[in-house]
Q: 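My structure is below; once you've seen it, I'll send some questions.
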Amino acid sequence: MSSARWQKLLSREFYDRDPRRVCRELLGKVLVRKERSQVLAARIVEVEAYLGEDDPAAHSFAGRTLRNAVLFGPPGYAYVYFIYGNHYCLNVSCLPDGVAGGILFRALEPLAGVEKMARSRNVTINSARDLRKLTSGPGRLAEAFCITRERDNGKDLTSPRADLFIADDGYRVPHVLTTARIGITKAAALPLRYLIAGNEFVSGTKIRNLPVAS
DNA sequence: GAGGAGATCGTCT
DNA sequence: GACGATCTCCTCT
């Protein structure tokens with residue numbers, strides 16, 4: 001598959017807004033990793049909004065530290081953190097420089113470079129279920145895209161020179177669903193998780209994917 | 001298929 | 001020293 005269709009990058013202004021708004025519009029866009037001759041691409045099907053210093057569940061809630069500095073910086077930059085001793089998670093910063101806010105990537109639908117993703121994840125693809133395991137979950141998608149803090153934290157996702165970026169291929173999302181965020185204990189009831197309704201690559205169980213009142 | 005527990009280590013207090 | 005925006009394996013139903 002040609003990578004020409006993923007050349008239209010999202011601008012810095014796209015991210016310079018409320019994370020809830022950016023979340024809705026980020027669904028359906030394409031995360032792209034370019035390596036020498038290889039292109040990895042996957043559609044964004046599930047994200048979560050973290051609102052900054054007013055959101056108890058956000059890393060930025062306790063204020064700026066060395067670790068979360070990217071969240072307080074300009075919009076459109078990758079914030080990558082390591083968690084549970086095993087996993088990296090990818091976020092993108094939102095809102096203007098000096099105001100904290102970000103979006104966690106929770107699940108993707110693979111479009112190109114599936115074999116490479118499977119090698120990175122150390123899995124073999126024998127069924128649709130195996131394919132789903134590639135990128136459905138924050139830790140899984142980071143591993144599939146070889147995303148690490150050392151390599152990608154602080155990277156400008158709006159730069160044409162970046163090897164990691166987000167593109168718009170014109171895909172229109174049929175229906176967006178909103179649910180509570182996953183894996184957190186503080187402010188857990190807020191409907192800040194956004195997903196493409198009915199998409200097979202969304203993470204979590206059926207119960208988790210039921211909409212909540214907003 | 002659902003639920004529970006362990007692994008494992010960076011970050012913050 | 002405690003905790004965590006997770007994943008996988010194992011057991012039970």
Side-chain angles (χ1 to χ4, degrees), chain A residues 15 18-20 22-24 26-27 31 42 44-73 77-95 100-108 110 117-154 157 177-195 200-210 212:
Chain A
Y15 303 101
D18 187 299
R20 287 165 287 200
V22 181
C23 265
R24 284 189 177 277
L26 210 46
L27 288 175
L31 181 68
I44 300 164
V45 300
E46 180 185 346
V47 289
E48 282 179 0
Y50 286 87
L51 305 182
E53 292 182 273
D54 298 327
D55 180 0
H59 284 184
S60 46
F61 182 65
R64 186 180 189 136
T65 65
L66 195 61
R67 177 205 197 193
N68 65 20
V70 176
L71 289 176
F72 288 81
Y77 284 79
Y79 167 53
V80 181
Y81 64 88
F82 187 66
I83 193 163
Y84 294 116
N86 287 306
H87 309 288
Y88 289 100
C89 294
L90 173 67
N91 297 244
V92 59
S93 61
C94 293
L95 298 169
I103 291 170
L104 169 69
F105 292 80
R106 286 199 56 90
L108 309 172
M117 291 184 206
R119 278 199 300 277
S120 301
R121 293 267 301 119
N122 198 25
V123 298
T124 49
I125 308 293
N126 295 315
S127 66
R129 194 173 157 178
D130 292 335
L131 190 62
R132 206 180 151 272
K133 283 198 291 188
L134 274 187
T135 51
S136 68
R140 289 173 175 173
L141 72 87
E143 192 171 49
F145 273 71
C146 302
I147 290 167
T148 65
R149 183 174 170 83
E150 296 72 30
R151 180 178 180 182
D152 299 303
N153 190 52
L157 300 183
L177 213 59
T178 313
T179 81
R181 293 176 293 187
I182 289 179
I184 56 172
T185 53
K186 303 162 201 158
L190 295 176
L192 295 177
R193 174 171 171 248
Y194 300 81
L195 51 100
E200 286 296 306
F201 293 87
V202 162
S203 72
T205 63
K206 282 180 181 172
I207 291 172
R208 275 174 162 183
N209 295 332
L210 293 175
V212 297

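Labels below follow one simple rule: chain letters A, B, ... track the order of the sequence lines, proteins then strands, and each chain is numbered from 1.
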Q: For residues 177-192 of chain A, which residue pairs pass the salt bridge (charged side-chain N to carboxylate O under 4.0 Å, His left out) check, not counting sequence neighbours?
A: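 Of all non-adjacent pairs touching residues 177-192 of chain A, those that pass salt bridge (charged side-chain N to carboxylate O under 4.0 Å, His left out) are A:D55-A:R181.
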Q: Between A:L104, A:L27, A:L195, A:V22, which is the residue that forms a side-chain contact (heavy atoms from CB on, under 4.5 Å) with A:V47?
A: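 The single option meeting the side-chain contact (heavy atoms from CB on, under 4.5 Å) with A:V47 is A:L27.
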Q: Taking only residues two or more places apart in sequence or in another chain, which ones pass ring-ring contact (aromatic ring centres under 6.0 Å, His included) with A:F72?
A: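 Testing A:F72 for ring-ring contact (aromatic ring centres under 6.0 Å, His included), a comparison that skips the adjacent residues, returns none.
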Q: Which residues pass the ring-ring contact (aromatic ring centres under 6.0 Å, His included) test with A:Y15, not counting sequence neighbours?
A: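 Residues passing ring-ring contact (aromatic ring centres under 6.0 Å, His included) with A:Y15: none at all.
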Q: Tell me, please, which residues at least two apart from A:Y88 pass ring-ring contact (aromatic ring centres under 6.0 Å, His included).
A: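 For A:Y88, the residues satisfying ring-ring contact (aromatic ring centres under 6.0 Å, His included) (neighbours in sequence not counted) are A:F82.
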Q: For A:N86, enumerate each residue passing the side-chain hydrogen bond (donor to acceptor under 3.5 Å, both in side chains) test, keeping only those at least two apart in sequence or located in another chain.
A: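 So A:N86 forms no side-chain hydrogen bond (donor to acceptor under 3.5 Å, both in side chains) with any residue.
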Q: Name all pairs fulfilling the salt bridge (charged side-chain N to carboxylate O under 4.0 Å, His left out) condition that reach into residues 120-135 of chain A, sequence neighbours left out, sorted by first residue then second.
A: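 Applying salt bridge (charged side-chain N to carboxylate O under 4.0 Å, His left out) to every pair that reaches into residues 120-135 of chain A, excluding sequence neighbours, yields A:R121-A:E143.
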Q: Applying side chain to side chain contact (heavy atoms under 4.5 Å, CB included), name anything that partners A:D54, two or more places apart in sequence or on another chain.
A: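 Result, side chain to side chain contact (heavy atoms under 4.5 Å, CB included) vs A:D54: none returned.
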Q: For DNA chain C, what are the stems built from at least three Watson-Crick or G-U pairs in a row, each pair having both distances below 3.5 Å?
A: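 Consecutive-pair runs (3 or more) involving DNA chain C: B:1-7 with C:6-12, B:9-12 with C:1-4.
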Q: Taking for each residue the nucleotide of DNA chain B with the nearest heavy atom, is it A:R129 or A:R149 whose nucleotide lies nearer the 5' end?
A: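 First, find each residue's nearest nucleotide; the 5'-ward one identifies A:R129.
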Q: Mark up nucleotides 4-11 of chain C, 5' to 3', with B wherever a protein heavy atom is under 4.0 angstrom from a base atom, S wherever such an atom reaches only the sugar-phosphate, and - elsewhere.
A: BBBSS---
